[in-house]
Amino acid sequence: MSGHSKWHNIQGRKNAQDAKRGKIFQKISRDLYQAAKAGDPDPANNAQLRLVIDKAHAANMPKKNIDRAIAKASGIGGAKFEEVTYEGYAPGGVAVMVSALTDNKNRTASAVRSAFSHSGGSLGASGSVSYMFDRKGLIEILRDGLDKSEDDMLMDALDAGADDMKATEEKFQIFTDPSNMATVRDALQGDGYELDTAEVTMIPQNRTAVPDDKVKQYRHLIDELTANDDVADIYETGILPDDDDDEEE
């Protein structure tokens, strides 16, 4: 009986690890698609695509998965993917933006609407919460192994054309104008920095504490949206009771 229990526990951990790896691959696939769609699908001519491919390799993502994501952006295979954004409120009044990449808008809209409904949230009209976010370029550099003070990193970031920088214990977060992100990224890479993230994203202007009695519903909404294969990114203003607020204010 103990042998069966041990096998069951190992199998359970393996399934959890496989699910986690699958979500990582899914996120990288979307990043590959978006980078290839926004620029040249040839990595030799697309620095952002090269950065995502490096991340895919670091995650041990199979080459066929990488090639498939880039092929989607090139229109190979016939499927046409569109980027769609949904806006609404999670339980507790937390603003949520959902960015999706889909080949069937009706399917995706129905799934996103159901996720909000299941959790006690509400899906709103376009523009209902987007004004609460700022579109910015975000470049992140891990501090582990990097011999740079915050002042020196800030000076290098500003010299590269960045607007601002925030430091946490784990990383430097460098903020840019969206139109200038690629220029700053290339300048920092030219200075020898290894970038962990370089993307245009949505930064909340303010944060909203999730009430204790709404935490379970809030987490259910985020989990259901995250599990949706069409969902590429989730931007939200929530702070959970046990969170450290290390986001840009």
Side-chain angles (χ1 to χ4, degrees), residues 27-58 69-70 73-74 81-85 87 95 97-101 126-127 129-207 232-237 245-249:
K27 170 62 176 169
I28 294 174
S29 291
R30 295 191 186 102
D31 291 344
L32 287 166
Y33 172 90
Q34 291 167 340
K37 192 74 174 178
D40 193 313
D42 182 356
N45 303 318
N46 187 332
Q48 177 64 16
L49 182 56
R50 291 198 301 272
L51 181 65
V52 183
I53 289 175
D54 287 344
K55 185 177 291 187
H57 289 156
I70 296 174
S74 306
F81 287 80
E82 299 179 74
E83 294 184 50
V84 188
T85 300
E87 304 178 32
M97 290 181 64
V98 181
S99 176
L101 182 64
S126 177
V129 304
S130 57
Y131 69 93
M132 302 181 190
F133 297 81
D134 292 323
R135 190 168 180 267
K136 293 184 179 181
L138 172 63
I139 297 170
E140 294 182 325
I141 298 174
L142 299 181
R143 300 186 70 166
D144 185 30
L146 183 65
D147 186 19
K148 276 283 181 179
S149 69
E150 291 184 24
D151 288 342
D152 287 344
M153 186 70 250
L154 176 60
M155 289 303 299
D156 286 352
L158 293 175
D159 286 345
D163 295 336
D164 197 7
M165 187 196 81
K166 183 177 181 179
T168 70
E169 291 185 2
E170 293 81 23
K171 58 194 173 184
F172 293 113
Q173 296 178 306
I174 298 165
F175 300 93
T176 77
D177 184 275
S179 63
N180 199 35
M181 191 278 292
T183 300
V184 177
R185 174 200 66 205
D186 293 347
L188 290 171
Q189 286 182 317
D191 288 340
Y193 287 105
E194 183 175 336
L195 312 184
D196 184 59
T197 300
E199 62 183 0
V200 174
T201 187
M202 303 297 289
I203 306 294
Q205 297 168 0
N206 296 290
R207 307 302 298 271
D233 288 294
I234 303 168
Y235 310 108
E236 39 83 26
T237 62
D245 183 18
D246 62 356
E247 297 290 336
E248 171 72 356
E249 298 291 341

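Counting begins at 1 with the first residue of the sequence.
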Taking it one step at a time, do L146 and F172 satisfy side chain to side chain contact (heavy atoms under 4.5 Å, CB included)? CA-CA 10 Å; L146 183 65; F172 293 113; 3.8 Å; yes
Which atom of [X] lies closest to which atom of [Y], heavy atoms considered:
X	Y	result
E194	I141	O-CG2, 3.8 Å
I70	P41	CG2-O, 3.7 Å
Q205	D134	NE2-OD1, 3.0 Å
A162	L158	O-CD2, 3.5 Å
A160	V184	O-CG2, 3.5 Å
N46	A35	ND2-O, 2.9 Å

Exceeds 12 heavy-atom contacts within 6.0 angstrom, atom CG of N45: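 Yes, enclosed.
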Look at D163 together with K136 and state whether they make a salt bridge at an N to O cut-off of under 4.0 Å.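 Looking at K136 together with D163, the answer is no, because their closest N to O distance does not fall below 4.0 Å.
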Side chain of [X], backbone of [Y]: donor and acceptor closer than 3.5 Å?
X	Y	result
D40	D42	yes
T237	A95	yes
N180	G161	yes
Q48	E199	no
E87	V129	yes

Tell me, with the steps shown, if D159 and D191 meet side chain to side chain contact (heavy atoms under 4.5 Å, CB included). CA-CA 11 Å; D159 286 345; D191 288 340; over 6 Å; no
Among residues at least two apart in sequence or on other chains, which ones pass salt bridge (Lys or Arg N to Asp or Glu O under 4.0 Å) with R143?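 R143: salt bridge (Lys or Arg N to Asp or Glu O under 4.0 Å) contacts with E150.
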Is any side-chain heavy atom of D233 closer than 4.5 Å to a side-chain heavy atom of T201?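 The answer is no; the side chains never approach within 4.5 Å.
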Given F133 and I203, is the side chain to side chain contact (heavy atoms under 4.5 Å, CB included) satisfied, shown in steps? CA-CA 5 Å; F133 297 81; I203 306 294; over 6 Å; no
Set out, in order, the CA-CA distance, both residues' side-chain angles and the distance that settles side chain to side chain donor-acceptor pair (under 3.5 Å) for S179 and D177, then state yes or no. CA-CA 5 Å; S179 63; D177 184 275; 2.5 Å; yes
At what distance, to the nearest 0.5 angstrom, does NZ of K171 lie from CG of D144?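 Spacing of NZ (K171) from CG (D144) equals 13.5 Å.
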Pairs of donor and acceptor atoms involving the side chains of residues 50-58, under 3.5 Å and at least two apart or interchain, shall be tabulated with distances.
residue: R50; atom: NH1; partner: P43; partner atom: O; Å: 2.9
residue: R50; atom: NH1; partner: A44; partner atom: O; Å: 3.3
residue: K55; atom: NZ; partner: D196; partner atom: O; Å: 3.0

